[in-house]
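First comes the structure, then the notes that go with it.
When reading the values below, keep in mind they use all heavy atoms of this one structure, side chains included, and skip hydrogens, waters and symmetry mates.
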Amino acid sequence: MSDISDRFSSHSASSKGQGEAMVLILAACPLLFWLFLGSTRAAIAAVVYVGLLALAARLIARGRRQEAKYKAASVARRPRVPRKLIGEALIGVIALLLAAHQFSTWTPPALIGTIAFLLSLAAFGLDPWRDKGFDNPDYLAERAAQATLEMADTRMTALVGRVAALGEHDLALRTEAIRSAILRMIRVHALRPQEFFALKKPLEKFIDLAEGEVDALETGWKTDAPGAAHRYMTRIAALSDGFETRARKWRAERQSDAYALDADLLLDRMEQNRAA
């Protein structure tokens with residue numbers, strides 16, 4: 001519902017910005033008389049002024065669209081180019097140049113141009129000048145949780161690659177299955193970023209131990225491949241079961257619904273299968 005309302009407000013603000021920009025275009029219509037009633041020089045000047053005003057209107061309209069997106073988002077960066085401010089300054093320059101045709105000194109045109117700029121500023125406002133939401137604790141927690149997920153994925157994918165390099169297909173498949181199960185578990189817990197960090201140290205410990213088991217597998221593979229493979233699978237399965245048990249216990253202490261975690265795991269698996 002909020003997404004629909006955000007889109008509607010963004011569309012409304014965009015339409016309003018376009019309507020205000022059209023008013024600027026209509027305000028330039030008297031310049032068209034220069035094309036038909038004035039000299040060649042006046043006609044050229046009219047074309048230039050209309051073009052500049054159209055550019056100002058386009059800049060302001062695009063600035064309004066950017067502002068609408070900025071306001072609708074909970075986290076957003078300020079526009080890199082202040083389009084509204086540039087368009088408003090351009091209107092002031094146009095007013096100055098037009099007034100210069102009517103006065104012999106630059107003081108009145110400069111005053112008129114300044115007034116035009118200030119009126120445009122009052123009508124359309126400034127572009128957003130600050131990034132928004134990047135200091136929000138929820139956002140920071142979400143970013144940190146995402147970084148932890150990426151770290152775990154990278155390190156565990158490397159483990160699968162090392163096991164696969166030994167040429168034992170069954171070992172690689174089982175290691176990949178453990179990797180998928182662990183990542184699925186931490187993805188589900190990362191849905192609550194503020195609470196997720198209780199699992200960060202156990203996760204890092206699990207990965208450290210898993211890397212140690214792969215080191216032992218690679219060392220033992222040279223002298224006793226079957227024995228090394230058996231020890232590896234026994235220990236890595238125990239590590240995986242221990243981490244999953246701890247994660248489930250941690251979740252159960254914070255959520256009374258015993259089936260909620262399994263439902264979240266099932267939904268995550270369905271999403272991953274759909275993405276694949």
Which residues share a ring pair (Phe, Tyr, Trp, His ring centres under 6.0 Å) with Phe206, sequence neighbours left out: Phe243

Taking only residues two or more places apart in sequence, or in another chain, which ones meet Thr148 in a side chain to side chain contact (heavy atoms under 4.5 Å, CB included)? Met151, Phe196, Phe197, Lys200, Leu203

Tracing side-chain links under 4.5 Å among I, L, V, M, F, W and Y, which residues wind up in one group with Leu118? Leu85, Phe117, Leu121, Leu126, Trp129

Please list all pairs meeting salt bridge (charged side-chain N to carboxylate O under 4.0 Å, His left out) that have one or both residues in residues 154-172, counting only residues at least two apart or in different chains. Arg155-Asp208, Arg155-Glu211, Arg162-Asp215, Arg162-Glu218, Asp170-Arg174

Nearest 0.5 angstrom please: Ile86 CD1 to Arg62 CZ, how far? 11.0 Å

Each residue besides Leu119 in its hydrophobic cluster should be listed here, by chain and number; the cluster joins Ile, Leu, Val, Met, Phe, Trp and Tyr at side-chain heavy-atom distances under 4.5 Å. Leu111, Ile115

Those residues that, when tested against Asp153, pass salt bridge (charged side-chain N to carboxylate O under 4.0 Å, His left out) (two or more places apart): Arg179

Test Ile60 against Ile91 for side-chain contact (heavy atoms from CB on, under 4.5 Å), laying out the working first. CA-CA 10 Å; Ile60 291 172; Ile91 291 173; 3.8 Å; yes

Any chain of hydrophobic side-chain contacts (each under 4.5 Å) joining Ile207 to Val163? yes

Here the pair of heavy atoms bringing Ala99 nearest to Pro109 is CB-CA, 3.8 Å

Side-chain contact, heavy-atom cut-off 4.5 Å: Leu171 with Leu217? yes

Is there a path from Phe124 to Leu53 through hydrophobic residues (I, L, V, M, F, W, Y) whose side chains come within less than 4.5 Å of each other? yes

Which salt bridge (charged side-chain N to carboxylate O under 4.0 Å, His left out) pairs, counting each pair once, include a residue from residues 99-113, with sequence neighbours left out? none

Shortest non-hydrogen pair, Gly87 vs Ala56, comes out as O-CB, 3.5 Å

Would a hydrophobic clustering, with Ile, Leu, Val, Met, Phe, Trp and Tyr connected at side-chain separations under 4.5 Å, put Val214 with Met233? yes

When rounded to the nearest 0.5 angstrom, what is the spacing between OG1 in Thr154 and CD in Glu150? 7.0 Å

Enumerate the residue pairs fulfilling salt bridge (charged side-chain N to carboxylate O under 4.0 Å, His left out) with a member in residues 80-102, sequence neighbours excluded, ordered by first and then second residue. Glu67-Lys84

Do Ile178 and Ile236 make a side-chain contact, defined as non-hydrogen atoms from C-beta onward lying under 4.5 Å apart? yes

Between CG on residue Leu166 and OG1 on residue Thr175, distance to nearest 0.5 Å: 9.0 Å

Heavy-atom closest pair (Ala116 atom, Gly92 atom, distance to 0.1 Å) is CB-CA, 4.2 Å

According to the salt bridge (charged side-chain N to carboxylate O under 4.0 Å, His left out) rule, which pairs have a member within residues 229-241, sequence neighbours left out? Glu213-Arg235

Linked, directly or transitively: Leu96 and Leu98 (ILVMFWY side chains, under 4.5 Å): yes

Distance-only side-chain donor-acceptor flag, Glu176 / Ser180, under 3.5 Å: yes

Same cluster or not: are Leu209 and Val160 linked, directly or through other Ile, Leu, Val, Met, Phe, Trp or Tyr residues, by side-chain heavy atoms under 4.5 angstrom apart? no

What residues, two or more places apart in sequence or in another chain, satisfy side chain to side chain contact (heavy atoms under 4.5 Å, CB included) together with Ala237? none

With sequence neighbours excluded, tell me which residues meet salt bridge (charged side-chain N to carboxylate O under 4.0 Å, His left out) with Lys205. none

Walk me through whether Tyr70 and Asp127 qualify under side-chain contact (heavy atoms from CB on, under 4.5 Å). CA-CA 10 Å; Tyr70 176 91; Asp127 302 89; over 6 Å; no

